[in-house]
**Student:** 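Here it is: the structure, laid out below.
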Amino acid sequence: MKARLLMMVSCLAVLGCGQLPGHPKPGPEVPRPDEVVDFPTLYRQNCSACHGAEGMNGPSYPLANPAYQALVDEQVLHQIVAKGDPGTLMPAFAISAGGSLTDQQVDVLVKGMRAAWFKAGSTADQPPYRGGKTADAARGAQVYTTYCASCHGVAGQAAKSKAGSITDPAFLALVSDQVLRTVVIAGRPDIGQPDWRNDLPGHPMSDQEVTDVVGWLSSQRPGTQQNKTAGGGQ
């Protein structure tokens with residue numbers, strides 16, 4: 001018995017406590033969720049399911065669209081990531097707003113997106129992210145006919161359009177006025193939708209035209225009033 005005990009003690013001395021059953025073996029440890037601070041991992045875990053693996057071709061808006069990154073500034077992007085986007089399915093991610101990410105992780109996501117997808121010099125004459133003008137829905141109907149109807153159908157006949165109806169109440173119930181404004185200005189390159197400069201080649205849309213067409217689209221929601229301020233809310 002003494003010999004066996006001496007042999008066991010000798011083995012423990014040689015192997016060390018690290019080899020005891022149940023003790024973690026050498027190798028990378030899984031970090032705590034709040035300790036993950038690299039952009040690729042945070043984006044993959046929190047954003048890619050909706051916005052696409054590379055910021056494109058997801059079910060939600062393409063964050064890698066340079067026109068979108070030119071439209072929003074870092075402060076706006078930070079607010080959307082941290083607090084969500086009211087009137088849409090975009091949730092809040094900051095812990096302070098009920099999400100799961102620390103302030104540092106939100107900062108990493110925002111700075112990572114800007115570093116990867118923002119292209120300087122692409123904001124000349126671009127209408128602002130939030131509209132400050134008063135929308136005229138009657139003028140907006142004319143703007144729609146000029147810039148949108150060729151793809152989305154003449155108002156009232158949108159079901160026959162090649163790009164799908166954007167006056168369908170079910171669609172309008174899923175998007176806010178700000179989302180409509182964002183898409184009109186920045187486009188959707190992942191599905192072939194042009195931005196404000198290319199809806200009608202050689203005739204970029206003005207801020208007032210964007211505001212008016214968003215006001216008209218918003219007026220197509222059941223129970224809404226026309227001639228409202230568009231793009232300055234959500």
Side-chain angles (χ1 to χ4, degrees), residues 37-40 42-48 50-58 60-135 175-191 193-199 204-215 217-218 229-234:
V37 290
D38 66 285
F39 172 68
L42 285 173
Y43 181 85
R44 184 180 70 253
Q45 293 177 345
N46 298 279
C47 312
S48 62
C50 290
H51 298 285
E54 301 296 331
M56 285 281 190
N57 302 310
S60 191
Y61 195 82
L63 299 176
N65 177 10
Y68 172 75
Q69 290 295 331
L71 179 63
V72 297
D73 57 25
E74 193 165 312
Q75 182 179 2
V76 167
L77 196 57
H78 190 283
Q79 180 176 348
I80 294 173
V81 174
K83 299 181 180 181
D85 194 6
T88 74
L89 298 178
M90 171 68 183
F93 279 91
I95 291 175
S96 59
S100 60
L101 300 182
T102 66
D103 291 342
Q104 181 185 11
Q105 290 173 317
V106 172
D107 288 340
V108 169
L109 274 174
V110 172
K111 293 183 183 302
M113 290 184 221
R114 300 296 280 178
W117 301 320
F118 174 70
K119 294 182 179 179
S122 57
T123 59
D125 300 322
Q126 185 179 50
Y129 175 70
R130 298 196 186 278
K133 300 179 182 295
T134 299
V175 296
S176 65
D177 285 3
Q178 182 58 62
V179 168
L180 291 171
R181 182 178 179 88
T182 296
V183 175
V184 169
I185 297 172
R188 283 288 305 266
D190 54 333
I191 60 174
Q193 179 176 336
D195 60 24
W196 62 284
R197 295 164 294 189
N198 300 302
D199 281 306
M205 297 180 73
S206 67
D207 181 12
Q208 186 64 63
E209 287 174 324
V210 171
T211 299
D212 288 344
V213 76
V214 171
L217 288 170
S218 181
T229 298
Q234 306 300 331

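Worth knowing before you read on, the calculation uses all heavy atoms, side chains too, and leaves out hydrogens, waters and symmetry mates. Along the sequence shown, residues carry numbers from 1.
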**Student:** Going through the checks in order, is the side chain to side chain contact (heavy atoms under 4.5 Å, CB included) test met by L180 and V213?
**Tutor:** CA-CA 9 Å; L180 291 171; V213 76; over 6 Å; no
**Student:** What heavy-atom pair brings A82 and A97 nearest, and what distance separates the two atoms?
**Tutor:**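 The answer is O-CB, 3.6 Å.
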**Student:** With the side chain counted from C-beta on, respond yes when D125 and P204 share a heavy-atom pair under 4.5 Å apart, and no when they do not.
**Tutor:**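 In short, these two side chains do not touch, never coming nearer than 4.5 Å.
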**Student:** My understanding is that only residues two or more places apart in sequence, or in another chain, count here; which of them pass side-chain contact (heavy atoms from CB on, under 4.5 Å) with N57?
**Tutor:** D190
**Student:** Sequence neighbours left out, cut at 3.5 Å: what donor-acceptor pairs do the side chains of residues 103-113 make with other protein atoms?
**Tutor:**
| unit_1 | atom_1 | unit_2 | atom_2 | d |
| --- | --- | --- | --- | --- |
| Q105 | OE1 | T102 | N | 2.9 |
| Q105 | OE1 | T102 | OG1 | 3.4 |
| Q105 | NE2 | P33 | O | 2.8 |
| Q105 | NE2 | V36 | O | 2.9 |
| D107 | OD1 | H78 | NE2 | 2.8 |
| K111 | NZ | E74 | OE2 | 3.1 |

**Student:** Given side chains that start at C-beta, do those of V175 and T88 come closer than 4.5 Å, heavy atoms only?
**Tutor:** no
**Student:** Measuring from R130:CZ to T182:OG1, what's the distance to the nearest 0.5 Å?
**Tutor:**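 Reported to 0.5 Å precision, the distance equals 8.5 Å.
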**Student:** Measure across I80 and M90 and return the closest heavy-atom pair with its distance rounded to 0.1 Å.
**Tutor:**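 Result for this residue pair: O-CE, 3.5 Å.
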**Student:** Quick one, L101 with N46, criterion side chain to side chain contact (heavy atoms under 4.5 Å, CB included). Give me CA distance, side-chain angles, the key distance, then yes/no.
**Tutor:** CA-CA 9 Å; L101 300 182; N46 298 279; 3.9 Å; yes
**Student:** Give every donor-acceptor pair under 3.5 Å between a side-chain atom in residues 64-71 and any protein atom, sequence neighbours left out.
**Tutor:**
| unit_1 | atom_1 | unit_2 | atom_2 | d |
| --- | --- | --- | --- | --- |
| N65 | OD1 | A67 | N | 3.1 |
| N65 | ND2 | Y61 | OH | 3.0 |
| N65 | ND2 | A186 | O | 2.9 |
| Q69 | OE1 | R114 | NH1 | 3.1 |
| Q69 | NE2 | L63 | O | 2.9 |

**Student:** Between P86 and S176, what is the shortest heavy-atom contact and its length?
**Tutor:** O-CB, 4.1 Å
**Student:** With sequence neighbours left out, write down each residue that passes side-chain contact (heavy atoms from CB on, under 4.5 Å) with P91, or none if nothing qualifies.
**Tutor:** F93
**Student:** For residues Q79 and V76, determine if any side-chain heavy atom of one lies less than 4.5 Å from a side-chain heavy atom of the other.
**Tutor:**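 Side chain of Q79 against side chain of V76, heavy atoms only: no contact under 4.5 Å found.
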**Student:** Got a sec: does the CD of E54 have more than 12 other heavy atoms crowding it under 6.0 Å?
**Tutor:**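 Counting neighbours around CD of E54, 12 or fewer heavy atoms of other residues, nucleotides or ligands fall under 6.0 Å, so no.
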**Student:** Could I get the full list of side-chain contact (heavy atoms from CB on, under 4.5 Å) partners for D199, not counting sequence neighbours?
**Tutor:**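 For D199 the side-chain contact (heavy atoms from CB on, under 4.5 Å) partners, ignoring immediate neighbours, are Y147, P194, M205.
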**Student:** Measuring only between side-chain heavy atoms, which start at C-beta, is W196 closer than 4.5 Å to E209?
**Tutor:** no
**Student:** Taking atom types as modelled, find out whether R181 and T211 have a side-chain donor-acceptor pair closer than 3.5 angstrom.
**Tutor:**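 Present: a donor and an acceptor within the cut-off.
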**Student:** Atom OH of Y129 and atom CG of L77: how far apart are they, to the nearest 0.5 Å?
**Tutor:**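 Rounded to the nearest 0.5 Å, the OH-CG separation comes out at 9.0 Å.
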**Student:** With sequence neighbours left out, what residues match Q208 under side chain to side chain donor-acceptor pair (under 3.5 Å)?
**Tutor:** D212
**Student:** Can you tell me how far apart CD (Q45) and OG (S100) are? Round to the nearest 0.5 Å.
**Tutor:** 9.0 Å
**Student:** Rounded at 0.5 Å granularity, tell me how far OG in S60 sits from CG in L89.
**Tutor:** 8.0 Å
